Visitor: 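Here it is, the structure, as structure tokens.
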Amino acid sequence: FALIGTIPVGAVVLVQKARIAALAASLAKLSMIDPLTGLCNRRELFARLGCASTTDGLAFAFFDIDHFKLINDRFGHQAGDLVLTGFSGLLRAQAPEDALLVRLGGEEFGVLFSSGSPERARLFAERMVTLARITPFDTPAGQLFITVSGGVSFGSASMSADDLVGSADSALYRAKSTGRDRICEAEI
């Protein structure tokens with residue numbers, strides 16, 4: 001046996017392989033999590049949707065914080081980050097256990113419902129719009145109030161994962177173009 005000091009080389013190699021495997025697993029997990037909010041990211045959403053054999057029975061709620069750029073411009077990025085983490089906390093507090101919470105990027109968030117009715121997803125989205133409006137977010141600039149707009153889509157046997165998220169995104173933009181601070185359902 002070759003030795004490193006008094007430790008067999010084979011043992012050192014096994015320990016190093018275990019450390020590398022643990023580091024790789026840790027990095028893989030980190031690549032699926034948004035570092036600011038701790039929610040899953042877009043990559044994780046589409047990885048999970050890619051594992052689903054169909055979108056039938058799934059629902060997706062897509063949220064965007066209204067006029068978010070103004071928060072950063074007026075109050076600074078620290079205030080903006082606190083609004084983002086505050087809204088993600090609202091989502092965590094309200095979402096059902098089986099829902100996947102996602103920060104899609106910037107001020108966009110999503111919630112994937114793996115079970116339940118379209119009514120359940122729609123009611124959740126409406127509750128989030130109301131809670132965002134009435135919840136003060138503590139920032140160095142004081143308490144800020146926000147509004148959010150949202151779109152909700154409902155899966156079907158013939159709908160792809162991209163279609164599910166894309167139709168919620170289209171509904172979200174319809175909510176923004178019709179006055180913001182509201183939910184619109186995807187048009188089928």
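Note that the structure is a prediction, hence the values are computed from the model and not measured.
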Visitor: State the CG-CG distance between Leu164 and Asp169, to the nearest 0.5 angstrom.
Guide: 11.5 Å
Visitor: ring-ring contact (aromatic ring centres under 6.0 Å, His included): which pairs involve residues 112-141, sequence neighbours left out?
Guide: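 Every ring-ring contact (aromatic ring centres under 6.0 Å, His included) pair that includes a residue of residues 112-141, provided the two are not neighbours, is Phe113-Phe124.
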Visitor: Atom NE2 in His67, atom NZ in Lys176: separation rounded to 0.5 Å?
Guide: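 Answer for the NE2-NZ pair, His67 versus Lys176, is 7.0 Å.
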Visitor: Under the 3.5 angstrom rule, does the side chain of Thr55 hit a backbone N or O of Leu58 as a donor-acceptor pair?
Guide: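 No; judged by distance alone, with no hydrogens or angles, the pair does not exist.
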Visitor: Does Tyr173 share a hydrophobic cluster with Phe63, counting links as ILVMFWY side-chain heavy atoms below 4.5 Å and allowing steps through other members?
Guide: no
Visitor: For the residue pair Asp66 and Thr147, confirm or rule out a side-chain donor-acceptor distance under 3.5 Å.
Guide: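 A donor-acceptor contact under 3.5 Å links the two side chains.
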Visitor: Name the atoms and distances for all side-chain donor-acceptor pairs under 3.5 Å in residues 93-102, with sequence neighbours left out.
Guide:
| residue | atom | partner | partner atom | Å |
| --- | --- | --- | --- | --- |
| Gln94 | OE1 | Arg127 | NE | 3.0 |
| Asp98 | OD1 | Arg120 | NH2 | 3.1 |
| Asp98 | OD2 | Ser115 | OG | 2.5 |

Visitor: Quick check for you: to the nearest 0.5 Å, what is the distance between Met128 atom CE and Arg133 atom CZ?
Guide: 12.0 Å
Visitor: Tell me whether Phe87 shares a hydrophobic cluster with Leu36, the cluster being built from Ile, Leu, Val, Met, Phe, Trp, Tyr side chains joined at under 4.5 Å.
Guide: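 In one cluster with Phe87: Leu36, yes.
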Visitor: Does CZ belonging to Arg74 count more than 12 external heavy atoms closer than 6.0 Å?
Guide: no
Visitor: So Phe75 and Leu70, do their side chains get closer than 4.5 Å, heavy atoms only?
Guide: no
Visitor: Do Phe68 and Ile183 belong together in a cluster built from hydrophobic side chains that touch within less than 4.5 Å?
Guide: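 Looking at the clustering, Ile183 is in the same group as Phe68.
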Visitor: When you look at Ser88 and Phe109, which way does the side-chain contact (heavy atoms from CB on, under 4.5 Å) test go after all the steps?
Guide: CA-CA 8 Å; Ser88 70; Phe109 295 85; 4.0 Å; yes
Visitor: Between atom CD of Gln143 and atom OG1 of Thr135, what is the distance when rounded to the nearest 0.5 Å?
Guide: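 Here the interatomic distance stands at 10.5 Å.
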Visitor: Could you walk me through whether Glu185 and Phe154 pass the side-chain contact (heavy atoms from CB on, under 4.5 Å) check?
Guide: CA-CA 9 Å; Glu185 291 185 24; Phe154 312 104; 3.5 Å; yes
Visitor: After noting the C-alpha distance and the side-chain angles of Glu107 and Val83, does the key distance pass the side-chain contact (heavy atoms from CB on, under 4.5 Å) rule?
Guide: CA-CA 9 Å; Glu107 69 276 12; Val83 168; over 6 Å; no
Visitor: Could you check whether any side-chain heavy atom of Leu172 comes within less than 4.5 Å of a side-chain heavy atom of Val152, counting everything from C-beta outward?
Guide: no
Visitor: Test Glu108 against Arg42 for side-chain contact (heavy atoms from CB on, under 4.5 Å), laying out the working first.
Guide: CA-CA 10 Å; Glu108 295 179 333; Arg42 180 182 293 271; 4.2 Å; yes
Visitor: Quick one: do Leu131 and Leu82 end up in the same hydrophobic cluster if we chain Ile, Leu, Val, Met, Phe, Trp and Tyr together by side-chain heavy atoms under 4.5 Å apart?
Guide: no
Visitor: Any chance you could measure Leu49, atom CG, to Cys51, atom SG, to the nearest 0.5 Å?
Guide: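 One gets 9.0 Å once the value is rounded to the nearest 0.5 Å.
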Visitor: Rounded at 0.5 Å granularity, tell me how far CZ in Arg103 sits from OG1 in Thr85.
Guide: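 With rounding to 0.5 Å, CZ (Arg103) is 9.5 Å from OG1 (Thr85).
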Visitor: With clusters defined by side-chain heavy atoms of hydrophobic residues (ILVMFWY) lying less than 4.5 Å apart, directly or transitively, does Phe145 cluster with Val148?
Guide: no
Visitor: Could you tell me whether Arg174 and Glu187 make a salt bridge, using a distance below 4.0 angstrom between a side-chain N and a carboxylate O?
Guide: yes
Visitor: Do the non-hydrogen side-chain atoms of Val129 and Asp181 ever get within less than 4.5 Å of each other?
Guide: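 They are in side-chain contact.
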